[in-house]
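Numbers restart at 1 for each chain; the letters A, B, ... are given by sequence-line order, proteins then strands. Just so you know, these numbers use all the heavy atoms, side chains as well, and skip hydrogens, waters and symmetry mates. Just so you know, these numbers come straight off a predicted model, no measurement behind them.
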Amino acid sequence: MKKKYSIFSLIKNAFSYHENWEKAWKDPTPKKEYDAVIVGGGGHGLATAYYLAKKHNMKNIAVVEKGWIGGGNTGRNTTIIRSNYLWDASAGLYDHALKIWEGLSQELNYNVMFSQRGVMNLAHNLQDVRDLKRRTHANRLNGIDAVYLSTEEVKKFCPIINTSPDIRYPVLGGTLQRRAGTARHDAVAWGYARGADEMGVDIIQNCEVKGIKRNGDAVEGLETTKGFIKTKKIGVVAAGHSSVIANMAGIRLPLESKPLQALVSEPVKPIIDTVVMSNAVHAYVSQSDKGELVIGAGTDDYVSYSQKGSHDIVEGTLNAILELYPIFSRMRMLRQWGGIVDICPDASPIISKTMIKGLYFNCGWGTGGFKATPGSGDLFAHTIANDEPHKLNAAFNLNRFVSGDLVDEHGAAAVAH
Amino acid sequence: MFVISCPYCGEREQSEFKAGGEAHIERPKQPTELSDDEWAEYLFMRKNIKGIQYERWNHAHGCRKWFNMVRDTSNDEIKAVYKMGEKPPSV
Amino acid sequence: MSTNSRLKTSKFIDETSRISFKFNNKTYYGFKGDTLASALLANDVHLVGRSFKYHRPRGIMTAGSEEPNAIVQINDGTAVTEPNVRATEVEIYEGLEASSQNCWPSVNFDIGGINNLLSPLLPAGFYYKTFMWPASFWEKYEYFIRKSAGLGKSPTQPDPDIYEHQYIHCDVLVIGAGISGIMAAKTAAKNGLKTLLVDEKPILGGNTIYKDNEDTSINNQTPSKWISDQINELEKLDNLEIKKRTSVAAYHGYNYLLARENLTDHLPIHERKNKIRQRLLKIRAKKVITSTGALERPLVFNNNDRPGILLASALKRYSDLFGVACGKKNVLFTNNDSAYETALSFINKGIKIEAIIDIRENPNSKLVKKIEENQIKIFKGYTVVDTSGYKRINKVSIMQLSKDGQKVVGNKIEIPCDCLGMSGGWTPAVHLFTQSGGKLSFREEDQVFIPKIYTSKQISLGSCNGDFSLDSIIKNIPGQLKQFFEINSTEFDNLDIESNEDLSKRNIWLLPSDKIFGKTKPFVDYQNDATAKDIKLALREGFRSIEHVKRYTTTGMGTDQGKLGNMHALGIIADTAGVKMGELGTTTFRPPYTPLTFGTIVGRNVGEYFDIFRKTPMHDWHEQNKAEFENVGQWKRAWYYPKNNENMHQAVQRESKAARDSAGILDASTLGKIDIQGTDASEFLNRVYTNAWSKLAIGKCRYGLMLNEDGMVYDDGVTTRLDENHYIMTTTTGGAANVLGKLEDYLQTEWPELDVYLTSVTDHYATASVCGPNSKKILQKIIPDLDLSDDNFPHMSFKNAKIDGVKCRIMRISFTGEHSYEINIPASYGKSLWEKCMEAGKEYNITPYGTETMHLLRAEKGFIIVGQDTDATLTPIDLQMDWIVSKKKYDFIGKRSLYRSDTIKEDRKQLVGLLTDDPNEVLEEGAQIVADANKKPIEMLGHVTSSYYSPNLNKSIALGVVRGGKKMLGQKLIIPMENKNINVTVSDPVFLDKENKRLNA
């Protein structure tokens, strides 16, 4: 058992100058065989391992990570957490995650700083208004706490937004989900890693998968840079690199991996106390506990694994930021970076079995996977352990691209007459 | 921000172009003969290669011509461009 | 006035122009040429700010953009305020007001200082381990955490300044105008290359411009004299542009660089009016020369952060360039010879040096000897083990280092001082190089990362390439330039260099103290208060990668982005973990190199220039007639025309009624128009629309529905056959560009064999749509010679005509269900056409109507609006538009997808009409539809897509999509709202004139 983190353990350790803290996770060499191996040590992969061990009693499992845990999109995203999705399937999935978020710090004994400061989505044209109202009605009936706000209410909730009717695309209204918010991204990966490690999961860093060994239509194991690992179940949670792993197994996925960029400003005293997103004037912003404005940009339109995007995207995003928040003009960009996001045609994820026995994929989260981390891990663990999806992820199967039963979350991106 | 050599116009800024995804996925000539699975292959499944990818680009804010490009998606290095219908160069 | 630390020896300071400024509300004076930092130091002000976490007093540490501590709020309370400005970068101007940040009530007495006492409880990552109980309290804890975090304050007023962008294409970009950059730029320009030289400082020449020690010379001149002559020559060259105060922020692929040129920040505020503040240079360079220099490293020892502790090179810059002696009793602490250059300057200027502490056991260069000859006490093989002085250093304690440098031995010696200069050697500024994709290698002998593999046409020169001595720079650069530019000679080939620089260094990343390590405070990242202890704690807890340690300890995440401390962090990790630094690698250097103002990035694209306005040719008329406008894509469309204080509902009711009772007119110019020509035009339409086109007669119009390849409705509109091989297609307003793009894609890539040409003519024509029972009479008045009889000009046909001699195309088509004409005229005649229609229609009370009324009128007829009634999940079958899907055609875009297992299901969401039980109850668009409001979980069947009160039917009507709706005609459903349930009945989506009688009325 790991020693519990608390203010008391901090005080106690202060007396020994913090020389006696134990390792948050071990650094094992891989065993010859595991009951299951998770490929990808991001938040989703670590959560999957955690729930496999915790809820499905699978303790002889490993997470293999090419680089360092939490170093991919988990450590690069803008940490927005919300569940105000339109379709029932999505609402079910993301609200399942949100409910876990609400007790996650206590469950993991690791402060993931889930801060329910609310997420607002703004409407800038009449179709936006219809779409947001539609979504709010659906949310309400699905038991999700979203409300529609008038322009005045938007202003009241976030006074620094420019709600003047004279701007190019005035704010016509918005939605608010109060239970939504942000969390500390690194802490999520680290907290799950610590929890999984405690239950005996091997977290193997700097271990890149080089091949997937199949025997007919079933998997037998993984070739890695640390040798062959035998296993009958492989759960791939490799985000932008999902297709790379799929190609090793000889299958193709309906994914494209594209650059997604984000940036932060220099830290300032609290100025915006919620998360504001706008689709039509493409920008979203929140402020981290450190004081940095955290700003998400859009994706480029080409496939790239370079972790770099084009400057035009950043410029366009800041154009939008200054349209909505002219007071930020003299703020300065401190740091910008890029990630690789794997995007499905319907902008919904895949948490699914494949045609290969023992090979499971959790991918396609596109630009918004962080929010689902706990739910995704829980449901993927269920799918791997039972070789059957949970009812909450049944809709997110691979077959939907064949049948046409998509979960089209960006379907509501309307074309107005 | 790449500099792209449009086969019709020469070197231009990336901002003049739009990417059009994986190249050489020919639209089936007889879609009705395909199974749902085969149709889904055409419609949605992509190689999404890390490394040398053959892909389509459009000089959207220029000559509006579509053409193909060979690009290393791991570092965004453009290896070649060629016109639609031309044989892909081996890189 | 107390400029008590000012020497009278600098030629860079204009002592005739005194400037007053305020710092923390107290007035001080400096001179033109001063930075805020140099002026404060001249006034003996060292305490400038408080650190992020422990609120420790901090002073000025550097003389450049890497400054971590002396960051201030500029002009607080005004529209031009700015947080987190480096005092070392601000050029003072008359009226400048600066204040300390992150302290309350003042920098001298800061309540937050209590954190320093609590610091044993606040090690790296403490917040991950606590604040978890009780669970509901996190947001309360967080409130205080947020309040105490952050540095300066965000502006709260819109920015009055202007910014702009400039595109620069050059043969050679030289970054940094130190000696390497000067030599490179001159060589490039003299070889006929269009060259741009940029430097972040207002003075060119880097450190060489004030290097005038008598024992160093270039061509028998002091380096400062030599380089200023070079600069004078440089400024005369034609194909060379020099931009000062210009900092390269980002180096992207394909030699695309972004630089910020600062144009007015150094001017008094009243002189800035109407001038551009900052310019973002978007540079595309054929070749890039990076000569960004090197940053001096601090030393990591106990309490190395007090005000009065500066880099030795900064002390030299302040004394030599600004004429400021930072202390009266100076101590220098070093592991290499650089501090001795500072000492030499001090000696020459009469600035007192108490002692030099050198961790090397036996430094014996000529320079060291020369200093010794000046009776300066040098403690060799010693280290500083502690410092004291709360708001300014007043003492250093030193002890002898053990042989292995791991601990201290002997007695402690205390040396009173008021300033400590430290030098840990130099770190090449490789940030831009690595941003460009370049790969580094680690040079063991002096523990530096230097450029190794270039991925673009560039070269690093001088100290950023690891050439730290003037001697090696002068000797290496000509060869490097010849190779890079492929030239045979440079004017610098045979320079005569005299220098006695010695590069020996003893590198100890973490210097020992006599205190227990746990009780020391050896800062690595000053701004974020990350110490060597934090780094070791992270490693102890299992964080191994440099990125993990960085994130866990926040080392390198301050506004200086680790420019000073990152190498030490790496070194301490390597030493502690027992790995080689070269194998450890570095963290990623992310753009921008120095923080970049949002305003600069955005440039002119603010306010009304955020996005273009597209206006129809009739726009002025709509404005003059008080129309309200709706944004549709980039278009401004007339939404409704309120009369006499009408609200929208009243106006729309009036407009709708008028259009059906007599005549209405709509500006339809925004609809996309694509001209389609070629011998295969008909075949092309067959393939892109769901219905058949080959048999459409010339002069006839047909409605078409376009699908995505996934079978979902994509766009719609009427297409007219103008001639055998000539069609004009209309698209939705928002879809115009995408439709054209999609059609071009198919045409060029899938069907290149088709002889078809597509041209967008949306902006070429203005379109007025006149509808209503009197529309025919109105059109006849405008075009008397056109036979408008149903026989000659039936519904869904077109005629060429002339209005006052101007050719126009008239389509008899209808989106309202009324007898209706769409008149297309060359755009420049749009407004006069409109006015003519209004004039001719006067007697029939012709009523202009906007998009809202258009939406209402078409809903009465059950016509869909793509994007409002559809959402990319509906097929034409779902829309009950089976009639438009050709069964005969072998293929069209999206056809195959209509027969997938899900798309053929009968209980998909389908378009239906909805009638409320209460005819006065208008449904909310977007409201959900259920069969049973009490069922848990509630099952949503669909939603309301369009809803209006119809003045022509005197009841509320709505369209919606409902699961299995086709078979629900007459069935009762429920719209559950927050406070009530509304009962509706499923109806046919066509509410008015099902027989289409009005079309020919």
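- A salt bridge links C:Arg540 with A:Glu19: the closest approach of a Lys/Arg side-chain nitrogen to an acidic carboxylate oxygen falls below 4.0 angstrom.
- For chain A, the nearby parts of C:Gln634 are the backbone and the side chain; heavy atoms of each come within less than 4.5 Å.
- Chain C forms the most heavy-atom pairs under 4.5 Å with one residue out of A:Leu172, A:Ile69, A:Asn20, A:Leu132, and that residue is A:Ile69.
- For chain A, the nearby parts of C:His548 are the backbone and the side chain; heavy atoms of each come within less than 4.5 Å.
- For the pair A:Arg194 and A:Tyr5, the cation-pi criterion (under 6.0 Å, within 45° of the ring axis) is fulfilled.
- Both the backbone and the side chain of A:Gln287 come within contact range of chain C, each with at least one heavy atom under 4.5 Å from a heavy atom of that chain.
- For A:Ser306, no part sits under 4.5 Å from any heavy atom of chain C, backbone or side chain.
- The contact between A:Asn109 and chain C is made by backbone and side chain atoms together, counting heavy-atom distances below 4.5 Å.
- Ranked by heavy-atom pairs under 4.5 Å with chain A, the first of C:Met132, C:Arg900, C:Glu547 is C:Met132.
- For C:Thr597, the parts lying under 4.5 angstrom from a heavy atom of chain A are both the backbone and the side chain.
- For the set C:Gly603, C:Gly542, C:Gly607, the entry with the most heavy-atom pairs within less than 4.5 Å of chain A is C:Gly542.
- Proximity to chain C involves both the backbone and the side chain of A:Asn142, based on heavy atoms less than 4.5 angstrom apart.
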Intermediate values then yes/no, ring-ring contact (aromatic ring centres under 6.0 Å, His included), C:Tyr127 and C:Tyr141 | CA-CA 10 Å; C:Tyr127 29 76; C:Tyr141 296 127; over 10 Å; no
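- Using a 4.5 Å cut-off between heavy atoms, A:Ile167 makes no contact with chain C at all.
- Neither the backbone nor the side chain of C:Val944 comes within contact range of chain A; no heavy atoms are under 4.5 Å apart.
- Neither the backbone nor the side chain of C:Gln527 comes within contact range of chain A; no heavy atom of the residue lies under 4.5 Å from a heavy atom of that chain.
- For chain C, the nearby part of A:Asp27 is the side chain; its heavy atoms alone come within less than 4.5 Å.
- In this structure, no portion of A:Val112 lies under 4.5 Å from any heavy atom of chain C.
- Note that A:Arg184 lies outside the cation-pi zone of A:Trp101, set by a 6.0 Å cut-off to the ring centre and a 45° limit from the axis.
- Residue A:Leu334 touches chain C through both its backbone and its side chain, counting heavy-atom pairs closer than 4.5 Å.
- Looking at C:Leu121, both its backbone and its side chain come within 4.5 Å of chain A, counting heavy atoms on both sides.
- Of the two parts of C:Ile904, neither the backbone nor the side chain holds a non-hydrogen atom closer than 4.5 Å to a non-hydrogen atom of chain A.
- Of the listed residues (A:Tyr325, A:Phe114, A:Trp190, A:Phe328), the greatest number of heavy-atom pairs within a distance under 4.5 Å of chain C belongs to A:Trp190.
- C:Glu978 touches chain A through backbone and side chain together, each having a heavy atom under 4.5 Å away.
- C:Asp869 and C:Thr945 share a side-chain donor-acceptor pair at under 3.5 Å.
- For C:Leu874, no part lies near chain A; criterion is any non-hydrogen pair under 4.5 Å.
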Walk me through it: do A:Asp312 and A:Ser310 pass the test side-chain hydrogen bond (donor to acceptor under 3.5 Å, both in side chains)?
-> CA-CA 5 Å; A:Asp312 281 357; A:Ser310 48; 5.6 Å; no
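- Of the atoms belonging to A:Lys308, it is side-chain heavy atoms, and not backbone ones, that fall under 4.5 Å from chain C.
- Ranked by heavy-atom pairs under 4.5 Å with chain A, the list C:Gly253, C:Ala933, C:Ser154 is led by C:Ser154.
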Run the ring-ring contact (aromatic ring centres under 6.0 Å, His included) check on C:Tyr143 and C:Trp138 step by step: do they pass?
-> CA-CA 9 Å; C:Tyr143 173 79; C:Trp138 165 242; over 10 Å; no
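- Per-residue counts of heavy-atom pairs under 4.5 Å with chain A were compared for C:Glu142, C:Glu82, C:Lys153; the largest is that of C:Glu142.
- Heavy atoms of C:Val713 lying under 4.5 Å from chain A are absent altogether.
- For C:Ala249, no part lies near chain A; criterion is any non-hydrogen pair under 4.5 Å.
- The contact between A:Leu263 and chain C is made entirely by side chain atoms (from C-beta outward), counting heavy-atom distances below 4.5 Å.
- When heavy atoms are compared at a cutoff of 4.5 Å, C:Ile612 approaches chain A solely by way of its backbone atoms N, CA, C and O.
- Counting non-hydrogen atoms of other residues, nucleotides and ligands closer than 6.0 Å to CZ of A:Phe15 gives a total of 12 or fewer.
- Per-residue heavy-atom pair counts under 4.5 Å with chain A were compared for C:Val606, C:Asp611, C:Asp161, and the maximum is reached by C:Asp611.
- Contact of A:Tyr148 with chain C is not made at all, since no heavy-atom distance falls under 4.5 Å.
- Neither the backbone nor the side chain of A:Arg135 comes within contact range of chain C; no heavy atoms are under 4.5 Å apart.
- Checked by atom type and distance alone, the side chain of C:His165 pairs as donor or acceptor with a backbone atom of C:Ile601 at under 3.5 Å.
- Of the atoms belonging to C:Glu925, heavy atoms from both backbone and side chain fall under 4.5 Å from chain A.
- The CG atom of C:Leu537 sits 8.0 Å away from the CH2 atom of A:Trp21 when rounded to the nearest 0.5 Å.
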Evaluate the criterion side-chain hydrogen bond (donor to acceptor under 3.5 Å, both in side chains) for residue pair A:Gln261 and A:Gln336; output intermediate values, then yes/no.
-> CA-CA 7 Å; A:Gln261 298 179 86; A:Gln336 73 168 91; 3.3 Å; yes
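- Annotation for C:Phe613: atom CZ counts as buried by contact number, over 12 foreign heavy atoms lying within 6.0 Å.
- Within the 4.5 angstrom heavy-atom criterion, no atom of A:Glu102 approaches chain C.
- Heavy atoms of C:Pro155 lying under 4.5 Å from chain A belong to its backbone as well as its side chain.
- Listed for the C:Gln101 side chain is no donor-acceptor partner under 3.5 Å among the backbone atoms of C:Pro83.
- Contacts of A:Ile295 with chain C are made by side-chain atoms alone, with heavy-atom separations under 4.5 Å and no backbone atom involved.
- Using modelled atom types, one finds no donor on one side chain facing an acceptor on the other under 3.5 Å when comparing A:Gln205 with A:Trp68.
- Remark: the C:Thr732 side chain and the C:Asp715 side chain contain an N/O donor-acceptor pair separated by less than 3.5 Å.
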With side-chain contact (heavy atoms from CB on, under 4.5 Å) as the test, would you mind laying out the steps for C:Ile864 and C:Asp716 before giving the verdict?
-> CA-CA 9 Å; C:Ile864 59 154; C:Asp716 69 344; 4.3 Å; yes
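- Of the residues listed (A:Asp346, A:Asp405, A:Asp408), the one engaging A:Arg400 in a side chain to side chain donor-acceptor pair (under 3.5 Å) is A:Asp346, and it is the only one.
- Across C:Gly152, C:Gly125, C:Ala250, the residue that shares the most heavy-atom pairs under 4.5 angstrom with chain A is C:Gly152.
- Judged by distance alone, the side chains of C:Arg260 and C:Thr600 never bring a donor and an acceptor atom under 3.5 Å apart.
- Taking a 6.0 Å sphere around NZ of A:Lys26, one finds it holds more than 12 heavy atoms contributed by other residues, nucleotides or ligands.
- When atom types are taken as modelled, the side chain of A:Lys269 and the backbone of C:Lys147 share a donor-acceptor pair closer than 3.5 angstrom.
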